Every structure is written in C-alpha cells, then in structure tokens.
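All heavy atoms count here, side chains included; hydrogens, waters and symmetry mates do not. Computed from a predicted model, the values in this text were never measured in an experiment.
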Amino acid sequence: MGIFEYIGDLLYIFVELDKLIISQPILQQHWLKYRGTLSTIKLDPSKYDCNINDIIQLENICNDIESTLLCGKIFEKVLTSDFNGKKEIQSCDDFVNEFKLYLNNSVLLLGQRTYQKSNNLLQIWSRICSTTVFYTYIFGVFDKKLLKQFTDLLEKVNHLPLDGNLVWNPEMFVLHFIGHLIKPNNVRKKEENLDKCTLELMDIAKNFSKTTNNYLQQAMIWFVKSEQIEYIHFDPSKLDYIHDICDFLSEGIQLCTSIKNTIITLMNLHSTLSKPLIKSNVVLICRLIETMKNIGYIYQNNHIVMDKLITDIIQYFEFLCLSIIGQVKISCADDRNFNVKNVDRLSSLEVSEKLLNGPLVKNRQLLIKLALNTAIGLQAFPKTQILTITRNLKRIEFLQSLYDEIKSISEISCMYWHRVVFPLYFKNINNQHNHFNGLSITFDFLKDIYEVTYHSDKTTKQNIYSTFIDEIFGHLNHQILKPISPCIENELRLHVMTHVHCTKTILNQPVDTYMIKLQHLQFLSSFIDTKNRAENYLSETFYDLTAVALHDWHNNGVMRTLAKYKLNLETIDDKLPNHTLEQGLDVLEIMRNLNLFISKYSYNLNNQIFIENYSTSKHLNTINIKHISNSIRIHGTGIMSTTVNTTYQLLCGKLNTLSKYLYDERVKSKLKKEITFLHEIQKTNNMIYPFERAEKLNSSMRKLTLNTNQNYIDQFRILVTHIGNALGYVRMIKSGGLNFCSIATSFIPDLKKVIQFEDICNDSGFTENCLISGHHLDNVMHNICQNIAEGTNYFKLLIDVFIQAMGNSNNSHLHNFYIIIPSLTLNFIEHSINSKEKMYKKSKGAMFTDDGFAVGVAYLLRILGLNNEFDSLKWFQSVSENYEEKLNILKTQEINALKDDTKLQQPLSLSYTRLQVYYKFVVFRSSCFYIITLIVQGYSFSPEILINLLKNCIVLTKC
C-alpha cells in the first residue's frame, strides 16, 4: 500500500499547483502583459535589436508554458497524457489488482470514525481522491458500488484548508473529472457546497468561544501531565507507563493538530467567502496560536528526558515486531514445502528482521514496509498478527518522526495571508490590559513566515519578509508600546495635581504598569525593553516641559520622584535652571494664546508695557521688555520670527472680521451717506468734518446690534484695539530682542573691532579642538553683533504683506474705513474716561492706558492707503473748535449764574469741569495719534524730538 500512497502524494502535487495558479489572478495579468510586450517586439524586432526567429521561438515556448502550467490543467494533462509504458501498466493484472485493493481498503478506512479523526485529513483525502481519479482514467471504473460509497463520504467533507488562504473541495474535484460516471448536477452541487461552507462558518464562529475554552482546558491538562514525565528504566512491570507515554505524546500531537485545523479552517473560510471576522474571535485565534506554540515548547524543553524515553520505547516496539516475525519465520520454516512462494515469504521476513535490527532511518522504514507488504501479500501473517505488527510499526514511525511532526504541525505560516488579525489583537491587549506575557510566544509565528519565502530568491525573500516584519512591529508599536508611556505620564500628573480638585481623580483606564515590570519582550532576534522606553519618554517629556515652562519645574520634579518610587523608573535629571522672579509670562505661552492675550491685556506705548485688564487676585500681571528679553535668553532669537508669523496669522483673521463688518449693508449705507455729505461740504470750501455728524453717526451705530451683547460701534472699537495690541506685542518683541543682544554684547570690549579667537589660537599653536572652539566662539559673537547692528523692521514687513491685498478691487468696501474713525474716536474717548473713573470705584473694567486703539487705527490707515483721506477730514481741528466753543458758552453761562441764579452755579461748574476733561483728553490723544502714525509709517525720530512731543502732550493734560 505504501507505493500507492506515494503515487497519490505525487499526483496531488499537480492538483495543488493547479489550485495555486488559478488563485493568483495577478500572475495571469502579468503574463498577459508579457505576451503583449512580445507581440509589440514582434511587429518591429529591429527597433529592439532582436531577431524575428528568436521571438517566434520564444512565443512557442510561452505557448507551451501557458497550455501546460498557467491554464490550471496540469493534473488533467497528466491524466490524458500518453506516457511511456502506459499499455504495459494497463495489461499488468497484478498491478491493477493491487491498485484496486488499495482503493477498496482506503474507502473502507475512510468510513471508520477513528480514521476520520486523523492528524492529516488533507493528506488522506488528497491521496484517495487523486488516485481514484487516476485509476478511473487509466483502468476504468473499479467498483460502482464502492464508487457510490466513496461519493457518499465525499458529501460529508465540504472543504479542506490548504496552505495560505485557499480551500480545496474534494467532492467538486472528483465530480469535475469523473462526474460523468455519477451524473450529478455540478452547478447545483457547487451552490450546495457554498451553502454548506457558509453554514459551517456560521456554526464555527458561533461556537468558537466554547471550542477555544475546550482546547485551552485540554491544553492545561496536557501541560500538567508534562510535568509528571520522568525517565525510568523499563522492566516488564512498567509496560503501562510505556503506553501512557505514547498516549501522552499522541495527545499533544492530536491537540496541536486540532487547534491548527480549527484556526486555518476558520480563517480560510472567512477569506474564501469574504465574510468579516468577529472581533472577539480574533483574540481567541491568537490565544490558540499561543497555546499551539506552548505545546511545541513542551516537546523542546523536555527533549532530553523524552529522547531517552522514546529510544527505549522504540526498542520495546521493535522487540515486539521481531518477536512476531520470529514466530512467523519458525512456522514458515517448519513447512517442508520449499516452493517459490514459501521461499519469498522467508526472504521477506529475513529482510524485515535484519532491517529492524539496525538503525531505523527513513530508507529502512520504507524497505521494512515493502518487505512486510510482500510477506502479507504472500499470506505469511495471521490477521491478528497483521493488525498488531502494523500498529507497532506505526508507533515506531510516529516516535521516529515526532520532532519533525511537531515542528510541522506547530508551524502557522498561513497567518502571513491573514495579517489583519494582529492589529486587532494588539488593540485588545492594550484595552483589556492582559495577556502581555503571551506576546513573545505569539511573535514566534513570525519565524514560520520565513518558510513562506524559503524557495524565493534572496532579494525577494528579504524584501517580503522584512516588509511583513516591519508591518507587524508598526502595529505593535502603535497599539501597545506607544500608548504605555503617555498613560504613565498621565497617571503621575494626576497624582501630582490632586490638590487642584477637592475630590479624588478617578482614572478612566488602568495604567500599563504591569507591562513595564515584565522582562524584555522578545521580538524575533531583538528584545524590546518597555521599562527603558518609558524612562526615555519621561526624561524627554520632563525636560521639554521644564524648558517651556520653568515655573512648573517643581511639579515635574515631584513626578520624577513618583516614577522612581512607585514604578521603579529611573529618569535623567534635566539640569535646567529654576524659574526667576523677573520671568513673567513666557513668550511661548503668550504665542500659543495670542488671541486671548491681546483681549485681556492693554498696551502702553510710552513705557512699552502690557497690563492685565482684570484679575481675580489682588495683583495685575504685567509684561515688559525685560520679561521678553528673559524669554528670548531661554528659547533663543529664533522665537522672534515665530512670534511675527503667529501675529501675521492672527492679523489675517482680524482683517477678515473687519472686512465683514464694513461689508454689512447696514454699515456700508451709513458710511456711503457720510462720504457723500463730506464731498458736498468740501465743494462749499468747508474742509472740516462737522463734530455733530460724528456724534450722530456714533449714536446711530450704537443702535446696530450684533449677536453678542455689545453694539456694533463698541465691537468695532474692540477689534481695532486688538489689532493695535498685536502690533504692540511685535514692537515689544523687537525691543526685547535688542535688549537681549545688548546684554549679550556687554562682555565684548569693542563691537567695531571684535577679536578673532580662531586666529589667536592658530598663531599660538593650540590644538585642533581649541581651534574648533575658537571658530564657534567667533560665529557666536558675529551673530550677536549682527543682530544688535541690523534689526529687522517687523512693522514694515507686516505693512508690506497686506498693502497689495487690501488694494484689490474686491476689497473696495474697506476704503470707507476712514469716515468711521471720528465716531470710533468719540466712542473710544468715552470708553477711556469711563474706564479711568472705574479705577476709583474698584469695579471691573477699570484701566488707565489703552494705546492699542491708536496703533490699530494708524496701522489700518497705512495698509489701506487712507492717510490722505483721513487728513482731509481735519477731524482733530473740528474737535478742538467744537469743545472750545462749548467751553466758552459754559463759561459765559457760569458767570451769568453767579450774578442771577446761584443755584445753577454748581451744575454749570460740574459740566464745565467735565467738558474740560474731555477736551484735554481728546487733545492729548490726537497728539499721541500723530506720533503713533509716524512710528507705524516708518519715520524715525531723534530722542530729543520724541521727548519734546511727549512733553507737550503731558502739558496739555495737566489741570
């Protein structure tokens, strides 16, 4: 029977090749492209430096390859080929009878329950199916009744999993080749088979949790038994122990085979039927892979004891076989009829006996089978002895190939085609915070993937394997390794910040502290130190956070101490300086919240200082040039350009909001009306914009409300102030940078004649390291001197970048801005006076400086090109004339009241005083506005001129 099994294995190779080729559509696509290329070359061979005869010969070879291999009919070609000796085989009755006997016995064995639970069902069914089809094509039908029984057995087998993600259907295979003998409906059979596969998949998926638990329980029992295995010297009283060891080894192989078949069947059915996997089943699949690998480890770890036991057990079964053969030899020798048949019996028995006495290598096992088959065919053994000796030989063969068998069964390279499982598995481990120990064992399947590319060329093998390994490690890093460190940081931070909340903080997820307490996680030939990764992450994070916010150094230090004593994590000290009292708000913190900063702080142009508008504490925060200089010293001068870029982005948003305000029809109509009125009065040579028109426009604009609680004119004033505050912050950044550079250059004796240390070191004959140090020092001093001498005019940059965009015809509505400035000025004066009065009342909203409005107006006039239009209003002249007229009238009324009615004297005196405050405030603001306008437009002043201008403004404000 052995020879026919090998014939079946050989034939099935062709069947599997057909299946593999058909399942690769990309191979067919590339082949068609290749044939198309050949056809193109054939049309003009001289263009490609080819010979037409060579092309034709290559096409013939391609036709042979396509008809033989790529069409998926290799097995069919074998069946229909007229090979040498075919007629002699068909006429050999002994061979036909032996072949028929093998098929009959195989079909009968398939019906047995124990045979259906074999370790390798694919091998059994592939042998019987391929040999049955081969026999039918060569010799005809062997037995219709037996064939009917065989097809009935086929209906019970829906599919068998192949390597990769393929499924082989024995029933459809047999019906395809010899279905004409059974005459079934192949289309209907195919549909029924698909339905059976779908139902089976649903049943497996539904009960997969129970199946997995059952396998895990069996594995636990088997693991416990493995601990009881020990080596003993055999004697006749310990034969039961021999059978227990054989059963133990067989149970492990059977359990491992069942687990592997369950995994492959489930995965391949999902792939074949294009059904999605259930998330819970994905986790169970990886648990089964882990269990299967653990079974293989038991054999490897106990190989010393097992090798000794297996050697003794094999010798025992050899003894039993030799005893049976010896008894049969004696009975054959007693038969005095020395005919040819009896001599062949004795010869085969003698050969078997000699082979059993030697080392049982593979070739000897094959020869023993052939010799014993010859003796059995000559009826040398009784039926009971045949079963006994066959069973003992199978045990010997099983024990001989035990390690090869366990290596083959525990190999799970098919997961290469089902890699989608592992991201979900890693994610589940991270979410459930368990099974970390099983990761190293699960990763052993990656070694099996190497077998997939074993027969590829070196480059292809390396690329495929490396790509797959990188993909799996990427999933591991993303799903498990990366989230560990941030989670630990959050846990430490919550412990440190418990004083912020009265109630104890409850974590949403437990921390992966168990993961960092594990030993190194093995990933193929490398080890992943999760503890070291967490330490490096915390060290880097603590350093970055302390560098960005020095005032928070204490909390980071407490977190570092907690990490050491709670999780045994050793972090590196950052060695950074502590926060200074003169630090103030950090530039980076302001830059991150620039929009909030310009709304909560007021700008003072003269002292270049920002003052907080309101605070819940007893003190107000201030930001001055020294604070900015300290921040630049920490972060470097590169932060200045980043701040300007952030301000530019903020100004884009603010200007967009300004455009929306001016585009509003309710506003646009009022502004157009005022512009028309202005043009009319200018025709009458009255070049001054009336104060009353500005008051009227201010009142009408107050009636326009937005979605917020503030009216339109107030919101517009706040927007202009925010723009001015942003520009004031840029000016302060520039001044802070100059302050930093001036402090840095204080140690350089002469900025015009800087000493070159590299030349001095070279002349003095210093070492190369000293020369390099001198070169770096020269570069640092050169950069400092350059920064102090040549400063970037950030105002000019922020003006130039918007001038072209604002001059676009689409923004023509912005050119109405100048006409609303008088109303904005009145609104701003009222707001400023009210804010100053609130200072004495200690109420919210009090402030004594707000130069951001004037800076914002001057900047908008510059980028919109409306300076001339605003000057044509002669607004401040109109304000002065109006207030002077009102003051004179009130003064006259007050003098008359002193003579006529003393009761009106006090109200008139209060009105006169308040009107004086308004007047002097307006005059002061107008003077400051002209100074700011000149600064924004890029004019430079000598210190004497600037001081005199400011002194004049101060004199105007004195009562």
Worksheet item: Would Val421 and Met267 count as a side chain to side chain contact (heavy atoms under 4.5 Å, CB included) if you check the C-alpha gap in whole Å, the side-chain angles of each, and the deciding distance to 0.1 Å?
Response: CA-CA 10 Å; Val421 166; Met267 299 299 296; 3.4 Å; yes
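- Under the 4.5 Å side-chain criterion, counting only non-hydrogen atoms from C-beta, Glu405 is in contact with Ile253.
- Using a distance-only test at 3.5 Å, with no hydrogens or angles considered, a donor-acceptor pair links the side chain of His303 to the main chain of Gln300.
- Residues forming a side-chain hydrogen bond (donor to acceptor under 3.5 Å, both in side chains) with Asp203 (at least two apart in sequence, or on another chain): Asn207.
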Item to complete: Carefully, step by step, assess Val167 and Thr265 under the rule side chain to side chain contact (heavy atoms under 4.5 Å, CB included).
Response: CA-CA 8 Å; Val167 170; Thr265 300; over 6 Å; no
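- In this structure, Val133 and Thr136 have side chains that are not in contact, with every pair of non-hydrogen atoms separated by 4.5 Å or more.
- The closest donor-acceptor contact from the side chain of Ser401 to the backbone of Glu397 lies under 3.5 Å.
- Counting heavy atoms from C-beta outward, Ile13 and Leu17 have side chains that approach closer than 4.5 Å.
- In this structure, Ala205 and Ile278 approach most closely via the heavy-atom pair CB-CD1, 4.4 Å.
- With rounding to the nearest 0.5 Å, the separation of CD1 in Ile264 from CD1 in Ile259 is 12.0 Å.
- The minimum heavy-atom distance linking Met292 with Cys256 is given by the pair CG-SG, 3.1 Å.
- Not one N or O on the side chain of Ser271 forms a donor-acceptor pair closer than 3.5 Å with the backbone of Asn268.
- Under a cut-off of 6.0 angstrom, the local environment of CD1 in Ile304 is sparse, with at most 12 non-hydrogen atoms contributed by other residues, nucleotides or ligands.
- In terms of modelled atom types and a separation under 3.5 Å, the side chain of Thr272 and the main chain of Leu269 share no donor-acceptor contact.
- When only modelled atom types and interatomic distance are considered, Asn214 and Gln218 share a side-chain donor-acceptor pair under 3.5 Å.
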Practice prompt. Dump the intermediate steps for side chain to side chain contact (heavy atoms under 4.5 Å, CB included) on Leu402 and Ile406, then the final yes or no.
Written response: CA-CA 6 Å; Leu402 177 66; Ile406 190 63; 5.5 Å; no
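- Under the 4.5 Å side-chain criterion, counting only non-hydrogen atoms from C-beta, Gln24 is not in contact with Leu20.
- For the pair Arg127 and Asp9, the salt-bridge criterion is met [side-chain N within less than 4.0 Å of a carboxylate O].
- For the atom pair CG (Leu399) and CD1 (Ile310), the distance works out to 5.5 Å, reported to the nearest 0.5 Å.
- The shortest heavy-atom contact between Ile74 and Ile21 is CD1-CD1, 4.1 Å.
- Taking 4.5 Å as the limit, every side-chain heavy atom of Trp222 sits out of range of all side-chain heavy atoms of Asn294.
- Minimum interatomic distance between Lys293 and Ser410 (heavy atoms only, all atoms of both residues): NZ-O, 3.1 Å.
- The environment of OH in Tyr34 is sparse: at most 12 heavy-atom neighbours from other residues, nucleotides or ligands sit within 6.0 Å.
- One finds the CG atom of Leu70 at 13.0 Å from the NE2 atom of His30 (value rounded to the nearest 0.5 Å).
- In this pair, Phe248 and Tyr299 present their aromatic rings tilted. The plane angle is within the 30 to 60° band.
- Residues Leu277 and His418 have side chains not in contact (no heavy-atom distance under 4.5 Å, counting atoms from C-beta outward).
- At least one donor-acceptor pair closer than 3.5 Å links the side chain of Thr40 to the backbone N or O of Gly36.
- Side chains of Lys407 and Glu411 form no contact here, defined as non-hydrogen atoms less than 4.5 Å apart.
- Within 6.0 Å of CE on Met220 lie more than 12 heavy atoms contributed by other residues, nucleotides or ligands.
- Under the ring-ring contact (aromatic ring centres under 6.0 Å, His included) rule, Phe173 has a single partner from Phe75, Phe14, Tyr12, which is Phe75.
- Applying the side-chain hydrogen bond (donor to acceptor under 3.5 Å, both in side chains) test to Tyr215 and every residue at least two apart in sequence or in another chain returns Thr262.
- With no hydrogens or angles considered, a side-chain donor-acceptor pair links Asp307 and Tyr403 at under 3.5 Å.
- Under the rule for a side-chain hydrogen bond (donor to acceptor under 3.5 Å, both in side chains), the partners of Asn477 that lie at least two apart in sequence or sit in another chain are Arg533.
- To the nearest 0.5 Å, the span separating CG on Leu216 from CG on Leu284 amounts to 8.0 Å.
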Worksheet item: Given Leu249 and Met306, is the side chain to side chain contact (heavy atoms under 4.5 Å, CB included) satisfied, shown in steps?
Response: CA-CA 9 Å; Leu249 298 175; Met306 286 188 179; 4.0 Å; yes
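- A donor-acceptor pair shorter than 3.5 Å cannot be found between the side chains of Arg287 and Asn213.
- A side-chain N or O of Trp31 and one of Glu66 form a donor-acceptor pair less than 3.5 Å apart.
- Taken from CD in Glu227 to CD1 in Ile298, the straight-line distance is 6.5 Å, to the nearest 0.5 Å.
- The heavy-atom pair separating Lys260 from Ser408 by the smallest distance is NZ-O, 3.1 Å.
- Rounding to the nearest 0.5 Å places CG of Leu476 at 12.5 Å from CD of Glu471.
- Contact annotation: the side chain of Ile285 approaches that of Phe208 to within less than 4.5 Å [non-hydrogen atoms, C-beta and beyond].
- Enclosure of atom NE2 in His243 by more than 12 non-hydrogen atoms of other residues, nucleotides or ligands within 6.0 angstrom is indicated.
- When all heavy atoms of Cys71 and Ser67 are compared, the closest pair comes out as SG-O, 3.0 Å.
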